[in-house]
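Heads up, the thing below is written out as C-alpha cells.
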Amino acid sequence: VRRETTFDAVVVGAGALGASVAFHLQSSGRGVALADRTAFAAQNSPRAAGLAVQVRTSHSFSEIARRSVDAIAGFERETGIPLRFDQTGSVAMARTEVAAERVRDHPSLGARNGIESVLIDPAEAARLAPYADTRAALAISYTPSDLHLEPGDLPRAYIAAALERGLTPLEGVEVRELLVEEGHAVGVDTSAGRVEAPVVVLCAGPWTSLLTERLGVPLPVLPVRHQLMVTEPLADVERTHASFRVVDANVYARPCWGGLMFGGYEDRPKPAAAEDLPRDLALFEPDPAPLEELRARVERELPVLRDARVRVVRGGYPTLTADGHFVIDELRGALGAYFVTGCNVGGLSTAPATGEDVARWIAGGRRPRTLDAFRADRFDGWVGRAHELRARAEEQYARTEYG
Ligand SMILES: Cc1cc2nc3c(=O)[nH]c(=O)nc-3n(C[C@H](O)[C@H](O)[C@H](O)COP(=O)(O)OP(=O)(O)OC[C@H]3O[C@@H](n4cnc5c(N)ncnc54)[C@H](O)[C@@H]3O)c2cc1C
C-alpha cells in the first residue's frame, strides 16, 4: 500500500504545541500529518512540571493560560477523550518586600484577565497546602482554578483526539528540510521521503531553529536547561493539596505520584546551542546540584523535602526569549510555513489555546489578535546583537512567572 504523501498541512514535532496545533487543524476539516523523529510526546513535554499557572504579569500570557485551563477542564466533554487533571489551585508566597508586592498584585492582575485570585493568611495556606510552611510569608495569594496534570497526558490526549478525527501519524519520521518554492512552503523532506503540503507548522521545540536556519532565518530564542525532581511518596502530601511557589526563591512544588515534585530556576542558567542538544532527551544527564541549592533556600517552607528520598530528577530545554513571550509567526520568505517556539517554560500549559489560535490563523488567513504579542518582527532591531538577546533571555529565565 502506498502511503499518502500529500496533505493540507504537516505539523513537525509531536510535543504539546504540535499536538494541539495538529488537533485544531484536523478539527477544522483539514487533512493533517503529524511528524516526529522520536516517539510522540517523548521530549520536553512529558518532562515538564505540568503546572498551569494563570496569573502572569503579562496580559497576553495570562489570557492564553486562562483559556488553556478552560480547554483542559472541558477537554473530555469536548472530545470524548479522557484527560485527568487536578484543579486544586495554587498558593504563592513571598518572603521579601519586593516579591510581596508582586504577590499582592495577583488579585488585580487576575481580575484583569478574568481569573479569580485572592490574598490569604498562613492558616488558610496551611489548609490548602499542608505540606508547606508559610509562616515567614509577607504575602500569600491563592488562585483556585490553577491546575496541574501529568504533563505527557496533554499531548497524548490531543493526539488521540486528532487521530479519531483522521490525523495521519508520522511517528519516527525525521523532517530534514522545509521545502520552499517561489516563496511558498510546499512540504518537507523527511527520512521517509517527500511529504507535500502547502502549510507546514514547525513545532520542533528547541530544535525548531535548526530547520529555519537552513533557510537563512535564525530565531530569537535561547534553549535553557530546566530541571525538577520528584520524591518517593510522603505521608504529608495528598493529591487534593494545592501547588505551591515561593516567589522570591523561584521554586515550585506540587503533589505528584504520592510524593512531591520540586523544581525551580537557578541563578546561573545553563543555555545551550540548539545544535548541541541531544536529539533525544532520554540522553539528558540530570545535574541534581542546582536543585539541591534551590531546596536549601526553602528549607523552612518545605520541611518535607528534608528527609525525602528522590525518585527521579529530570529536565529538558525550554526556549527563552528576551521578553518572556512566545515567538509565533509565519516564516519570512516562506508563505504557509509557520513556527511556534519561545515557550519560556510555559508551553505545556498554554498549548491548548496557542494551538487553537495558530489553527485559526491558518484557517482564516489572518493572525488572531491573541497572537499579536508573539510576532517575530518585534526582535527585528536585535539582528546582529545575538549576545544581548542571549543575556536578556537568561535574565528572563530567572524571572519566569511561576512567581
Ligand atoms: C523541567 C521542566 C519543567 C517544565 N514545567 C512546565 C510547566 O509546569 N508548565 C508549562 O507550561 N511548561 C513547563 N515546561 C516547559 C514545557 O515543557 C515546554 O514549554 C513544552 O514542552 C514545549 O512543547 P513543544 O511541543 O514545543 O516541545 P517538545 O515537547 O520538545 O516537542 C518538540 C518535538 O519536536 C520533535 N522534533 C524536533 N526536531 C524534529 C525534526 N527535525 N523532525 C521531526 N521531529 C522533530 C522532537 O522529537 C519533539 O518531540 C517545563 C519544561 C521543563 C524542561
Side-chain angles (χ1 to χ4, degrees), residues 10-22 34-54 56 61 64-65 68-69 72 90 146-152 154-155 158-159 170-178 188-192 195 201-212 214 221 223-230 243 245 252 254 256 261-265 274 277-282 284 286 291 312-320 326 328 339-352 354-355 400-402:
V10 184
V11 178
V12 182
L17 290 163
S20 173
V21 170
L34 175 63
D36 201 297
R37 63 185 176 191
T38 68
F40 283 172
Q43 298 306 321
N44 285 289
S45 299
R47 288 172 172 78
L51 291 167
V53 170
Q54 301 164 88
R56 311 276 183 149
F61 215 124
I64 52 169
S68 295
V69 161
I72 291 168
S90 72
D146 278 354
L147 60 79
H148 56 264
L149 78 179
E150 179 59 35
L154 186 74
Y158 271 110
I159 292 166
L170 302 176
E171 197 168 12
V173 172
E174 168 153 32
V175 170
R176 294 178 173 149
E177 201 166 348
L178 170 65
V188 287
D189 178 43
T190 80
S191 53
V195 175
V201 190
L202 303 177
C203 301
W207 302 276
T208 306
S209 61
L210 297 177
L211 289 163
T212 66
R214 292 177 70 96
V221 300
V224 177
R225 187 183 72 178
H226 187 63
Q227 305 187 107
L228 57 78
M229 64 179 216
V230 183
S243 69
R245 282 127 57 214
Y252 56 83
R254 71 160 173 93
C256 180
M261 174 187 285
F262 172 76
Y265 297 81
L277 298 178
R279 293 161 52 92
D280 187 340
L281 293 176
F284 180 92
L291 284 171
V312 66
V313 177
R314 70 181 188 221
Y317 289 91
T319 45
L320 279 287
F326 275 107
I328 299 176
F339 57 90
V340 181
T341 186
C343 72
N344 286 279
V345 210
L348 183 92
S349 56
T350 54
T354 308
T400 300
E401 261 290 293
Y402 277 143

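Remember, it's 1-based here, ligands and their atoms both numbered in the order they're listed.
The backbone of Val173, and not its side chain, has at least one atom closer than 4.0 Å to an atom of ligand 1 (non-hydrogen atoms only; backbone = N, CA, C, O).
Distance CG/Leu210 to CD/Glu177: 13.0 Å, rounded to 0.5 Å. How far CG of Leu281 is from CD of Gln43: 4.5 Å, rounded to the nearest 0.5 Å. Rounded to the nearest 0.5 angstrom, Leu17 CG and Asn44 CG are separated by 10.0 Å. Atom CG of Leu202 is separated from atom CH2 of Trp207 by 14.0 Å, given to the nearest 0.5 angstrom. One distance of note links CG of Asp36 with CD1 of Ile159; it measures 8.0 Å at 0.5 Å rounding.
The shortest N or O to N or O distance between Asp36 and ligand 1 is below 3.5 Å. Between Asn44 and ligand 1, at least one N/O pair is under 3.5 Å apart. Ligand 1 has an N or O atom lying under 3.5 Å from an N or O atom of Leu51, backbone or side chain. At a 3.5 angstrom cut-off on N or O pairs, Gly346 counts as close to ligand 1. Annotation: Gly316 places no N or O atom under 3.5 Å from an N or O atom of ligand 1; distance criterion only. For the pair Arg47 and ligand 1, the shortest N or O to N or O distance does not fall below 3.5 Å. Of the N or O atoms in Tyr252, none lie within a sub-3.5 Å distance of an N or O in ligand 1. By the 3.5 Å distance cut-off applied to N or O atoms, Leu228 is not counted among the residues near ligand 1. The shortest N/O to N/O separation between Ala39 and ligand 1 does not fall below 3.5 Å. Polar contact with ligand 1: present for Ala16 (N/O pair, distance under 3.5 Å).
No option in Thr350, Leu154, Leu147 other than Thr350 meets the side-chain contact (heavy atoms from CB on, under 4.5 Å) test with Ser68.
When each atom of ligand 1 is checked for a heavy atom of Ala49 under 4.0 Å away, the hits are 3 (C), 4 (C), 5 (N), 6 (C), 7 (C), 8 (O). Atoms of ligand 1 found under 4.0 Å from any heavy atom of Trp207, numbered from 1 in the order shown, are 30 (O), 37 (C), 38 (N), 46 (C). Of all the atoms in ligand 1, the ones that sit under 4.0 Å from a non-hydrogen atom of Gln43 are 30 (O), 46 (C), 47 (O), 48 (C), 49 (O). Set against the non-hydrogen atoms of Gly13, the atoms of ligand 1 under 4.0 Å away are 33 (C), 34 (O), 35 (C). Within ligand 1, counting atoms from 1 as listed, the ones closer than 4.0 Å to a heavy atom of Cys343 are 18 (C), 19 (O). The contact set between ligand 1 and Glu174, taken as ligand atoms under 4.0 Å from a residue heavy atom, comprises 42 (N). Near Val175, meaning under 4.0 Å from one of its heavy atoms, ligand 1 places the atoms 40 (C), 41 (N), 42 (N), 43 (C).
Contact check for Ser191 versus Arg37: no side-chain heavy atoms found under the 4.5 Å cut-off. With contacts defined as side-chain heavy-atom distances shorter than 4.5 Å, the pair Tyr252/Val53 does not qualify. With contacts defined as side-chain heavy-atom distances shorter than 4.5 Å, the pair His226/Tyr317 does not qualify. Considering only heavy atoms from C-beta on, Leu170 stays 4.5 Å or farther from Thr190 through its side chain. Counting heavy atoms from C-beta on, the side chains of Leu178 and Phe339 never come closer than 4.5 Å.
In this comparison of Ala42, Ser45, Gly18, the heavy atom closest to atom 21 (O) of ligand 1 sits on Ser45.
Judged as a side-chain contact (heavy atoms from CB on, under 4.5 Å), and not counting sequence neighbours, the contacts of Ser243 are Leu51, Ser90, His148, Arg254.
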